[in-house]
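Here's the structure, in structure tokens; my notes come after.
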Amino acid sequence: MLSTIFPENEYMQAFLADFSLRPSCYACPAKGGKSGSDLTIGDFWGIEKIAPEIDDDKGCSLVIVHTDKKVNRLSNNSILSEISLRQDPFKGNPNYYTSPYQPVNRAFFFSQFGKNGFCKAWKKTMSTKLQDRILRKIYQLL
């Protein structure tokens with residue numbers, strides 16, 4: 001199994017820089033609990049500041065319950081810890097309310113991805129070489 005830390009992993013770099021998101025993610029209509037779902041599940045970014053007693057540095061999931069129907073079902077689950085909304089679990093999770101900005105060079109990245117594959121496209125998109133910077137600027141003008 002391949003395992004690398006994210007600074008050495010091009011896919012994680014692209015993901016965390018919002019390059020590899022679906023186009024709909026940049027204008028998501030389901031932000032702020034507007035999806036109509038019973039639950040929202042995601043990574044609990046910032047858990048170490050909000051509830052350090054349950055932070056184990058291995059990652060923590062956040063389950064946001066939108067309906068009473070699911071509150072009753074989940075309240076008996078011993079795995080879950082309830083964190084009061086007064087502690088603002090969204091402080092480290094701003095994407096719950098806002099869509100990410102589409103990166104300026106996202107279209108360039110995907111044009112290169114189609115021609116050269118993921119790793120070469122990412123390197124060209126992030127390159128500081130003058131010729132690559134010029135190529136990206138020309139692509140933006142098209």
Side-chain angles (χ1 to χ4, degrees), residues 1-71 73-75 77-142:
M1 180 169 86
L2 175 65
S3 179
T4 60
I5 58 172
F6 82 85
E8 297 171 5
N9 183 305
E10 285 99 354
Y11 178 77
M12 281 305 295
Q13 291 170 12
F15 177 74
L16 292 173
D18 297 330
F19 274 80
S20 58
L21 303 177
R22 296 177 54 87
S24 60
C25 292
Y26 302 111
C28 180
K31 293 293 180 176
K34 298 176 195 163
S35 69
S37 67
D38 292 328
L39 302 171
T40 298
I41 301 171
D43 294 328
F44 199 147
W45 296 101
I47 187 69
E48 71 282 352
K49 294 175 186 147
I50 294 169
E53 67 280 3
I54 61 172
D55 178 28
D56 63 2
D57 281 339
K58 294 180 182 176
C60 183
S61 294
L62 175 63
V63 178
I64 302 164
V65 182
H66 299 288
T67 62
D68 291 338
K69 178 169 85 173
K70 290 298 173 188
V71 168
R73 184 171 261 174
L74 291 172
S75 64
N77 190 328
S78 63
I79 299 172
L80 300 176
S81 294
E82 186 176 327
I83 295 178
S84 168
L85 290 179
R86 290 181 305 237
Q87 291 175 292
D88 196 5
F90 306 110
K91 192 173 191 174
N93 298 277
N95 285 342
Y96 180 74
Y97 292 110
T98 59
S99 294
Y101 292 105
Q102 184 170 325
V104 174
N105 291 317
R106 185 179 185 277
F108 173 80
F109 167 73
F110 276 100
S111 75
Q112 294 298 306
F113 178 71
K115 296 175 193 171
N116 302 312
F118 183 86
C119 289
K120 285 184 182 178
W122 184 244
K123 285 179 180 151
K124 264 211 179 309
T125 303
M126 298 284 82
S127 171
T128 57
K129 290 181 184 174
L130 180 60
Q131 78 180 48
D132 290 331
R133 291 190 328 232
I134 292 170
L135 180 64
R136 290 192 303 264
K137 277 290 184 197
I138 291 171
Y139 191 85
Q140 286 176 13
L141 297 173
L142 298 177

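A side chain to side chain donor-acceptor pair (under 3.5 Å) check over residues 19-32, counting only residues at least two apart or in different chains, returns the pairs Y26-R106.
Separation of atoms OH (Y101) and CG (D18) is listed at 11.5 Å; rounding is to 0.5 Å. Here the OG-CD1 distance, from S61 to I41, works out to 8.0 Å after rounding to the nearest 0.5 Å. Atom CG of N95 and atom CG of D43 lie 11.0 Å apart (nearest 0.5 Å). Separating the CZ atom in F109 from the NZ atom in K123 is a distance of 12.0 Å, to the nearest 0.5 Å. Note that the OG atom of S111 and the CG atom of L135 stand 7.5 Å from one another [nearest 0.5 Å]. Atoms CD and NZ, from E10 and K120 in turn, are 12.5 Å apart once rounded to the nearest 0.5 Å.
With F108 as the fixed residue, the ring pair (Phe, Tyr, Trp, His ring centres under 6.0 Å) test singles out one of F113, F19, W122, Y139: Y139. Checked options Q112, Q140, K137, K124; the residue passing with N105 is Q140 (criterion: side-chain hydrogen bond (donor to acceptor under 3.5 Å, both in side chains)).
The heavy-atom pair separating T128 from R133 by the smallest distance is O-NH1, 2.9 Å. Considering all non-hydrogen atoms of both residues, D55 and I47 come closest at OD1-CG2, 3.8 Å. Closest heavy-atom contact between A17 and P103: O-CG, 3.4 Å. Heavy atoms only, all atoms of each residue included: C25 and L21 are closest at CB-CB, 4.0 Å.
Within a 6.0 Å sphere centred on CZ of F15, other residues, nucleotides and ligands contribute 12 heavy atoms or fewer.
In this structure, the side chains of R136 and S127 come closer than 4.5 Å at one or more pairs of heavy atoms.
In this view, S35 and S37 satisfy the side chain to side chain donor-acceptor pair (under 3.5 Å) rule, not counting sequence neighbours.
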